[in-house]
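Working notes, structure below.
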Amino acid sequence: MKFADQCIACNLDFARFNVGDGPAAFLTMVVGAVVVALALWLQLSAEPPWWVHVLLWLPLIVVGVVGGLRLTKAWLLITEYRHGAEEHRHDGTDL
């Protein structure tokens, strides 16, 4: 998922912020922890066949990570903007 080059409402330059892969890693960890907890609970309480786990958890993981990626990237960009964080530009003078 990629941001536009600038905001259409206020012309804020999004290129000066580096959101990176942090949101994807964060979402993978959170969604993974939730899915593992729910899968363990289901297995211990009902003992369903393995294919039930595949049908339940695989779509939930994909929807949770991909669906939440846009929101978490936007949240991180907003946080960087509020705190004045920007991509460092090395000009060779600070050696």
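Note that the structure is a prediction, hence the values are computed from the model and not measured. Values below: every heavy atom of this structure, side chains too, minus hydrogens, waters and symmetry copies.
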Quiz item: Would D5 and F14 satisfy side chain to side chain contact (heavy atoms under 4.5 Å, CB included), going step by step from the backbone distance to the final call?
Solution: CA-CA 6 Å; D5 293 331; F14 293 144; over 6 Å; no

Quiz item: Linking I/L/V/M/F/W/Y whenever any side-chain heavy atoms sit under 4.5 Å apart, do V36 and W50 land together?
Solution: no

Quiz prompt | Minimum heavy-atom distance L27-V65, with the two atoms named | solution = CD1-O, 3.4 Å

Quiz item: Does a sphere of radius 6.0 Å around CG in N11 hold more than 12 heavy atoms from other residues, nucleotides or ligands, not counting ones at 6.0 Å or beyond?
Solution: yes

Quiz item: If Ile, Leu, Val, Met, Phe, Trp and Tyr residues are connected whenever their side-chain heavy atoms lie under 4.5 Å apart, and connections chain through other members, are W51 and I61 in the same group?
Solution: yes

Quiz item: Hey, are the side chains of Q6 and L12 touching, using non-hydrogen atoms and a 4.5 Å cut-off?
Solution: no

Quiz item: If Ile, Leu, Val, Met, Phe, Trp and Tyr residues are connected whenever their side-chain heavy atoms lie under 4.5 Å apart, and connections chain through other members, are V34 and L69 in the same group?
Solution: yes

Practice problem: Answer with yes or no whether the hydrophobic clustering places I78 together with I8; edges join I, L, V, M, F, W, Y residues whose side-chain heavy atoms lie under 4.5 Å apart. | Solution: no

Quiz prompt | Residues clustered with L44, ILVMFWY side-chain links under 4.5 angstrom | solution = none

Quiz prompt | Check: R16 and Y81 side chains under 4.5 Å, non-hydrogen atoms | solution = yes

Quiz item: Same hydrophobic cluster for L58 and M29, using side-chain heavy-atom links shorter than 4.5 Å among ILVMFWY?
Solution: no

Quiz prompt | Contact check, side chains of F26 and L76, non-hydrogen atoms, under 4.5 Å | solution = no

Quiz item: In a check of side chain to side chain contact (heavy atoms under 4.5 Å, CB included) between V35 and each of L60, V30, L56, which one passes?
Solution: L60

Quiz item: Which heavy atom of L42 sits nearest a heavy atom of P48, and at what distance?
Solution: O-CD, 3.6 Å

